[in-house]
Amino acid sequence: MILVIGATGFIGSNLLLKLAKDGIYPIATYRKNSNKDKIASLFINKFPDGNKRFKRIIWRRAELRDFQSLIEAFEGVSKVYHCAGFVSMAFRDRNKLLEINQKGTSYVVDLCLKNNIEKLVYVSSIASLGSSENEIIIDENSSWNNSIDKTPYAYSKYGAEMEVWRASQEGLNVVIVNPGIVLGAESPMEKIFKRTNHWLSFYTTGTSGYVWIEDVTFVMIRLMNSKIKSERFVLVAENWSGKSMVQAYLKVHKIDNKIIKISKVTLYFFWLIEHFLEIICLRKRFFTKALIAVLFDRKKINGEKIKSFIDFEYSPISLSLKKL
Ligand SMILES: NC(=O)c1ccc[n+]([C@@H]2O[C@H](COP(=O)([O-])OP(=O)(O)OC[C@H]3O[C@@H](n4cnc5c(N)ncnc54)[C@H](OP(=O)(O)O)[C@@H]3O)[C@@H](O)[C@H]2O)c1
């Protein structure tokens, strides 16, 4: 049986849909407060017999911080997709990020080894890629540089990858995917857009790598079913500036917002204010210098490697935006 950890999330639920299209109904994890009804609706909207298909999924409750619950989730499992993770850019979430993303992944890989799992496909992030000052293009070979400050999220995803590579050394077949910002209906990115959807939209002058959700799930399944192992793949179709992405999104959704550039100085001002508020115990910090650097980073992310391993072309981002 296949196990999908994090099946109630954006990537996990889209993976369930893609697997169901091929008639595969895995074991899927959820948590106490997970919204399984939302997944049922996705199935009902996608397939004429969606409810019947949804009911074929075997749901098991599992929490990445609870080893025992994971042991139970692994019963009868032979292949694992690990799509669970805590996504937060906030400094105040640093301990929770390490607990869920790094420590939780160490539990997952230990159980993969214990249960002789055939293969693990782990969803990491471009946040865990290395980058040095003089590199203009970032890819799978960019080495992690500890002297460059990173966001707590980046450390947690890098730590998780280290656990996956450790398990690989111990004999587990693993593949890591490092998607850029994943676009799709109900994606975390879309939620941010919708939240700020009044009459002003903001952007910073950095660039980011984007990829369509269907491409991510397609590649994950192809990698799982292939002989490829001990590899990581950056999944980025195109790099877009913050301004072009905001403009394209607004155009597609016919929203007539005013677009405002946020300067580095403004963000450093917030960073300073938050420091002060934290000292006087009024607020826990969100901003880090590393996050500000990411928002203004113009390095390009190269997601071409996957094309030399499987027969695959990325969906153009402008078309993906129209499907939102
Ligand atoms: N979306 C992107 O643009 C993107 C880009 C690159 C990498 N990623 C990576 O892809 C993974 C999934 O992202 P996503 O966009 O699907 O995020 P998401 O929508 O927030 O989903 C996260 C999933 O992880 C589960 N989860 C969170 N904390 C957990 C815990 N302590 N124990 C067990 N399950 C837990 C969530 O369960 P609940 O439903 O109960 O909350 C949910 O199923 C993350 O690891 C993220 O780093 C995402």
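Both counts, for ligands and for their atoms, begin at 1 and track the order of listing.
Within the cation-pi definition used here (under 6.0 Å to the ring centroid, within 45° of the axis), K150 does not qualify as a partner of Y158. Taking the ring axis of F47 as reference, the NZ or CZ atom of R53 stays within 45° of it and closer than 6.0 Å to the ring centre. Cation-pi geometry between K305 and F309 is met: the NZ or CZ atom falls under 6.0 Å from the ring centre, inside 45° of the normal. Cation-pi contact between K307 and F312: absent, since separation from the ring centre below 6.0 Å together with deviation from the ring axis within 45° is not met.
Taking CG of L321 as the start and OH of Y210 as the end, the distance is 9.0 Å to the nearest 0.5 Å. Atom CG of residue D139 and atom CD1 of residue I301 lie 9.5 Å apart, to the nearest 0.5 angstrom.
Looking from atom 6 (C) of ligand 1 to the surrounding protein, the closest heavy atom is P179 O, 3.3 Å. Summary of contacts: the protein heavy atom closest to atom 2 (C) of ligand 1 is V182 CG2, 3.7 Å. Closest protein heavy atom to atom 47 (O) of ligand 1: Y153 OH, 2.5 Å. Atom 25 (C) of ligand 1 has as its closest protein heavy atom A84 CB, 4.0 Å. Atom 10 (O) of ligand 1 has its closest protein heavy atom at V123 CG1, 3.3 Å. Scanning the protein for heavy atoms near atom 17 (O) of ligand 1, the closest one is V87 CG2, 4.1 Å. Atom 34 (N) of ligand 1 has R31 CD, 3.6 Å as its closest protein atom, hydrogens excluded (heavy atom only). Scanning all protein heavy atoms for the shortest distance to atom 21 (O) of ligand 1 gives G9 CA, 3.2 Å.
Across the listed options L183, T8, V4, T8 owns the non-hydrogen atom lying nearest to atom 39 (O) of ligand 1. Considering only non-hydrogen atoms, atom 11 (C) of ligand 1 lies nearest to C83 out of G180, G85, C83.
Counting only N and O atoms by type, the side chains of E161 and N178 include a donor and acceptor under 3.5 Å apart. Inspection of the T207 and N239 side chains reveals no N or O donor paired with an N or O acceptor under 3.5 Å. T266 and S263 form a side-chain donor-acceptor contact under 3.5 Å, judged by distance and modelled atom types alone.
Contacts with ligand 1 closer than 4.0 Å are made by side-chain heavy atoms of K157 only, the backbone lying farther away. By the criterion of a heavy-atom distance under 4.0 Å, neither the backbone nor the side chain of Y30 is placed next to ligand 1.
By the salt bridge (Lys or Arg N to Asp or Glu O under 4.0 Å) test, K119 pairs with no residue at all, sequence neighbours left out. Every salt bridge (Lys or Arg N to Asp or Glu O under 4.0 Å) that E163 has, sequence neighbours left out, goes to R166.
Under a 4.0 Å criterion applied to the non-hydrogen atoms of E63, ligand 1 contributes the atoms 30 (C), 31 (N), 32 (N), 33 (C). Interface atoms of ligand 1 facing A62, defined by a heavy-atom separation under 4.0 Å, are 33 (C). Here is the list of ligand 1 atoms found below 4.0 Å of a heavy atom in S124: 6 (C), 7 (C), 8 (N), 9 (C). With ligand atoms numbered from 1 in the order given, ligand 1 contributes 10 (O), 16 (O), 48 (C) to contacts under 4.0 Å with heavy atoms of I11. The atoms of ligand 1 that sit less than 4.0 Å from any heavy atom of P188 are 1 (N), 15 (O).
Looking at F86 next to ligand 1, no N or O pair under 3.5 Å apart turns up.
Taking a 4.0 Å cut-off on heavy atoms, I100 registers as neighbouring ligand 1.
Residue V109 is tested with L120, I117, V80 for a side chain to side chain contact (heavy atoms under 4.5 Å, CB included); the sole match is L120.
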